[in-house]
There are 2 protein chains.
Amino acid sequence: MKALPTPSGHELGTVTIYDVAARAGVGIATVSRALNGSAPVAEATRARVLAAVEELGFRPSHAGTSLAARTHAANGIVFPDLSGPYYAEVLLGYEESASRLGRSVLVLATHGRPDPAAAVRDLAGRVDGIVLLGRTVPDHVIEELSAFGLPVVVVARPEVDGVDSIRADGLDAARALGEHLAGHGLRKIAFLGSPEESPDVAERWRGVREGLGAHGIEPTVTPCLFDEESGTRVAAGLLAVRERPDALVCANDEIALGAIVAAEEIGLRVGRDIAITGWDDVMAARHARPALTTVRQPMRTLGALAAEVLDERITKERTTPRHESLATDLVVRDSCGLHP
Amino acid sequence: MKALPTPSGHELGTVTIYDVAARAGVGIATVSRALNGSAPVAEATRARVLAAVEELGFRPSHAGTSLAARTHAANGIVFPDLSGPYYAEVLLGYEESASRLGRSVLVLATHGRPDPAAAVRDLAGRVDGIVLLGRTVPDHVIEELSAFGLPVVVVARPEVDGVDSIRADGLDAARALGEHLAGHGLRKIAFLGSPEESPDVAERWRGVREGLGAHGIEPTVTPCLFDEESGTRVAAGLLAVRERPDALVCANDEIALGAIVAAEEIGLRVGRDIAITGWDDVMAARHARPALTTVRQPMRTLGALAAEVLDERITKERTTPRHESLATDLVVRDSCGLHP
DNA sequence: TCACCACATGAAAGCGCTTCCTACGCCCTC
DNA sequence: GAGGGCGTAGGAAGCGCTTTCATGTGGTGA
């Protein structure tokens, strides 16, 4: 491909379908058909059109196309925020998948925004479909968008009536984690996280409880925000009492990494004096010493699948809701104790 | 705001400026003016228009607007890929800043794509300006876009004629790092990274060399890709020889984390028997044991600044290129030796 | 009282594309 | 040889908006 065709006599970036039509000696309808294959065009004509396109460096205007065709060839994706490795991976999978399906990706981070719902509505006007991650907007906004006729997929978020959803199933892995800890002989287990604030955390809590329950162990639960500093603070509180827990099961890796700091601060050897586990398997988890026992989620796959499920709706291949659940894996490392 | 105005009689999502005009008893031009403030409208009229907008739930079509106004109200951002914490932070800062300026953000990851240049050209047709990160496309494509009249900002990439650029200056921090290592009494220093492949790495290498040179130390350099596995492999090779280096200065954190693995594998105590340093200060750096000495880059600021610089060009506030350089900070932790 | 002007508004012309509808050949068939 | 069908292509009507240009209104100064 030549770098930049710039035949003199016309402004750059101003080549329209009319210029191409004139050059090829055909009507604009024929140019459109030749380019999109929306109707048969004689081979010789097509060749002339394509030659003209090449010579003039014609690139169809997206605005014109989307106005006429009532489509945007673009998907939206909405994040609570983008910090942390979790969402970046989802976005990567999504972008890759979407672009393979010929769609651009518009991102929106709602974190710290005055009116997330308005931002999402605005985004909705520029795309053919939208993926919502986590608790970014209230249910009624999602229902509104969906009722509006806009395909919506929610990821890692409670299901909404009639809306596709994708999630990572944590129940099995949580049960396995509970069983594993019991196998280490640990008995006083504290769960750090807020089950009532998030269905995901609730699921993890439930699984851990079931896994431990099978061994007659009843864990406790302590509310905790999803960040390192909270992990340190909450863990410090739990470890300060005389009858301290011998295992801290944290709702995500950041809490766990914070908890490790708290444990070391009072001289506990993680993996020996106390077991600590996380959730997500972020990069820092395998580099922490001791390396963090955690649960790996298929984040990139989550994003890729979201793009595909959304595409089915946009192209009307499917009209009934789809609810996908991806398996997660327990990753046993050293922070929960020496391997049995 | 009401959830979803659905007066019967018209399709959802089909409310156009004509409907609003009819409802308010005015012409569409007046509606446009009332909404955009592009020309004075009598107060009473404006109120009627706004009421009609509210009642009908009118949301202007972006396609129509961008076609007529020849603007997209959107920015693009192009990544090599999105894995790793580095780019996600940049994106976060960019999105935040762009949306505050009233622009949506389209993302494109070129990694693993058959024709990155074509993808970038396509993106260029949907936005008012574009930010390019790292080595995503060759120079001539950037020049082409810029010549096309599209505002372009390059980030963390060599400057291109007439194009705005933003970077993090690593020279000072690298010098400081070199000096610091010399202060630890370290003498045999190996740099892991490929200076000839990336100007950033070249800058780090140069700074380290200068910092050490001030103490009469001449470091060696060994090429290394930017990932953990390469770090482990290259470090293992360096440490296997009899006269092994007593410090490994790595071009980024991932290499350093990989190098730590290699060192521990042969029984070396990092921070005592050998010093290892990274670059970027990813989350894993502070959780590694020993914690990694590294250099922190202002990634979020990088992204935010990119959005602002781009906006100046789009709004024509500025027509001369701007080249920004942000300072980076040496973060001394334990992996380079006990603090002096 | 009349001409003039600012102000507010509407009609209409695009912006660049898709697509419906019509028209033109041409070949085949009766 | 006339009628019908098919393959191809063009004209023109939108898609929903912004903006120019023209018009109408009321107020001002002479």
Side-chain angles (χ1 to χ4, degrees), chain A residues 10-50 52-53 56-74 102 122 124-128 149, chain B residues 10-50 52-53 56-74 102 122 124-128 149:
Chain A
H10 67 80
E11 276 275 309
L12 276 176
T14 304
V15 184
T16 73
I17 198 170
Y18 287 93
D19 302 321
V20 175
R23 178 100 173 198
V26 300
I28 58 164
T30 301
V31 175
S32 175
R33 288 188 282 250
L35 254 32
N36 304 325
S38 49
V41 171
E43 199 42 58
T45 312
R46 177 191 310 281
R48 280 216 315 287
V49 169
L50 295 182
V53 165
L56 297 173
F58 171 66
R59 332 214 76 229
S61 143
H62 269 291
T65 307
S66 60
L67 185 56
R70 303 157 150 286
T71 177
H72 295 93
D122 180 78
R126 339 183 48 133
V127 297
D128 301 322
Chain B
H10 68 78
E11 276 274 309
L12 275 177
T14 306
V15 184
T16 73
I17 198 171
Y18 287 93
D19 301 321
V20 175
R23 177 98 174 200
V26 299
I28 57 164
T30 301
V31 175
S32 175
R33 288 189 281 250
L35 255 32
N36 304 326
S38 49
V41 172
E43 199 43 58
T45 312
R46 177 192 311 281
R48 280 216 314 288
V49 170
L50 295 182
V53 165
L56 297 173
F58 171 66
R59 331 216 75 228
S61 143
H62 269 289
T65 307
S66 60
L67 185 56
R70 302 155 153 287
T71 176
H72 295 94
D122 180 76
R126 335 181 52 130
V127 297
D128 301 321

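Because only heavy atoms are used, hydrogens play no part in the values below, and waters and symmetry mates are left out as well, while side chains stay in.
For A:Ala73, the side-chain contact (heavy atoms from CB on, under 4.5 Å) partners are B:Arg126, not counting sequence neighbours. Remark: B:Asp122 engages A:His62 in a side-chain hydrogen bond (donor to acceptor under 3.5 Å, both in side chains) (not counting sequence neighbours).
Within 4.0 Å (heavy atoms only), A:Gly25 reaches sugar-phosphate atoms of the nucleic acid but no base atom.
For A:Leu67 against B:Ser61, the heavy-atom pair with the smallest separation is CD1-OG, 4.5 Å. Nearest heavy-atom pair across B:Val15 and B:Asp19 is CA-OD2, 3.3 Å. Minimum interatomic distance between A:Arg48 and A:Ala24 (heavy atoms only, all atoms of both residues): NE-O, 3.0 Å. Contact detail for B:Thr16 and B:Phe58: the closest heavy-atom pair is C-CE1, 3.5 Å. Closest of all the heavy-atom pairs between B:Ile17 and B:Ile28 is CD1-O, 3.6 Å.
Defining each end axis of the helix from C:dT1-D:dA30 to C:dC30-D:dG1 as the rotation carrying four pairs' C1' atoms onto the next four, with five pairs an end, the two axes are found to diverge by 60° to 10 degrees.
Shown for residues 42-49 of chain B: no residue has heavy atoms falling under 4.0 angstrom of DNA chain D.
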For residues 31-45 of chain B, run the donor-acceptor check on the side chains, cut-off 3.5 Å, and write out each pair with its distance to 0.1 Å, sequence neighbours left out.
from: B:Ser32; atom 1: OG; to: B:Asn36; atom 2: ND2; distance (Å): 3.4
from: B:Asn36; atom 1: ND2; to: B:Ser32; atom 2: O; distance (Å): 3.2

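A donor-acceptor pair under 3.5 Å is formed between the side chain of A:Asp128 and the backbone N or O of A:His72.
Atom P of nucleotide D:dC17 and atom NE2 of B:His72 are separated by 16 Å, given to the nearest angstrom. In this structure, A:Leu67 atom CG and D:dC15 atom P are separated by 9 Å, rounded to whole Å.
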TODO: Classify every nucleotide of nucleotides 17-23 of chain C by which part a protein heavy atom approaches to under 4.0 Å, writing B for the base, S for the sugar-phosphate alone and - for neither, in 5'-to-3' order.
DONE: BBBB---
